[in-house]
Amino acid sequence: MLGEVLGVERRRRWSDEEKLEILSEVGIGGATVTQVAQRHELTRSQIYGWRRDLKKKGLWSPDRGTVFLPVDFDATPAPVSAPSRPVLIELRLNNGRCLRFDSSMDGDALTRLIRAVEAA
């Protein structure tokens with residue numbers, strides 16, 4: 001006896017714009033690659049493959065959507081009331097590295113750390 005055909009295999013085509021839109025959801029609100037893949041009925045490997053392919057085409061950058069704000073180190077700092085408890089701060093450097101540190105970290109120590117990481 002022959003097996004039954006239960007359905008037709010579904011193969012979807014995605015435009016580069018659609019792929020970029022889906023890739024940009026990763027990290028929004030803490031969304032993981034797995035969560036984004038499940039939301040769009042994809043596999044994690046498809047997400048990573050799209051990222052790799054779009055990077056090759058020059059369409060994807062890990063900094064896509066990043067907002068850079070100017071920092072004036074020469075300005076006199078305005079008095080800031082310290083938070084009641086330290087908070088976690090994430091700083092993305094030009095070399096693509098990311099530093100996470102406690103808001104109570106000494107400014108001079110942070111400057112030395114940034115310089116060391118950028119020189120590495």
Side-chain angles (χ1 to χ4, degrees):
M1 172 160 185
L2 296 175
E4 281 184 45
V5 176
L6 299 176
V8 177
E9 181 179 329
R10 185 172 70 155
R11 186 170 185 98
R12 296 177 287 179
R13 300 259 182 228
W14 301 89
S15 69
D16 286 344
E17 291 78 24
E18 290 170 316
K19 291 175 184 179
L20 286 168
E21 188 175 317
I22 291 170
L23 286 174
S24 67
E25 292 178 22
V26 175
I28 303 291
T32 65
V33 171
T34 300
Q35 291 168 331
V36 172
Q38 289 172 344
R39 188 178 312 143
H40 294 280
E41 298 179 6
L42 302 167
T43 64
R44 290 177 53 220
S45 63
Q46 281 178 289
I47 300 277
Y48 290 118
W50 286 356
R51 192 181 285 174
R52 183 184 59 250
D53 294 342
L54 292 171
K55 277 183 188 177
K56 286 180 185 176
K57 291 181 180 180
L59 298 174
W60 175 258
S61 167
D63 296 329
R64 181 181 168 88
T66 301
V67 176
F68 291 95
L69 301 173
V71 177
D72 185 2
F73 288 105
D74 295 328
T76 304
V80 177
S81 61
S84 58
R85 62 173 209 226
V87 294
L88 183 65
I89 297 175
E90 180 175 292
L91 177 64
R92 293 189 184 264
L93 303 176
N94 288 334
N95 58 14
R97 294 188 176 131
C98 178
L99 289 178
R100 290 186 184 103
F101 54 92
D102 184 296
S103 63
S104 65
M105 185 173 191
D106 175 64
D108 292 331
L110 178 59
T111 301
R112 288 191 303 274
L113 177 63
I114 292 169
R115 288 183 179 145
V117 169
E118 286 185 333

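A heavy-atom distance below 4.5 Å is not found between the side chains of Gln46 and Ile22.
Annotation: the span from Leu54 atom CG to Leu20 atom CG amounts to 5.0 Å, rounded to 0.5 Å. How far CD1 of Ile47 is from CD of Gln35: 11.5 Å, rounded to the nearest 0.5 Å. For the atom pair Leu110 CG and Arg115 CZ, the distance stands at 10.5 Å (nearest 0.5 Å).
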Worksheet item: Going through the distances and angles, do Leu113 and Met105 end up as a side-chain contact (heavy atoms from CB on, under 4.5 Å)?
Response: CA-CA 11 Å; Leu113 177 63; Met105 185 173 191; 3.9 Å; yes
Discussion item. For Arg44 and Thr32: C-alpha separation, side-chain torsions, deciding distance, then whether side-chain contact (heavy atoms from CB on, under 4.5 Å) applies.
Written reply: CA-CA 10 Å; Arg44 290 177 53 220; Thr32 65; over 6 Å; no
Practice prompt. List the steps and the verdict of side-chain contact (heavy atoms from CB on, under 4.5 Å) for Arg51 and Val26.
Written response: CA-CA 11 Å; Arg51 192 181 285 174; Val26 175; 4.0 Å; yes
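For the ring pair (Phe, Tyr, Trp, His ring centres under 6.0 Å) condition, the pairs that include at least one residue of residues 11-40, sequence neighbours left out, are Trp14-Trp50.
A pairwise comparison of heavy atoms in Glu25 and Ala31 identifies O-CB, 3.6 Å as the closest pair. The nearest pair of heavy atoms linking Leu42 to Arg12 is CD2-NH2, 3.9 Å. Considering all non-hydrogen atoms of both residues, Arg13 and Glu18 come closest at O-OE1, 4.0 Å.
Checking Thr43 against Ser45 by side-chain atom types alone, a donor-acceptor pair falls below 3.5 Å.
Under the side-chain contact (heavy atoms from CB on, under 4.5 Å) criterion, Ala116 pairs with no residue at all, not counting sequence neighbours.
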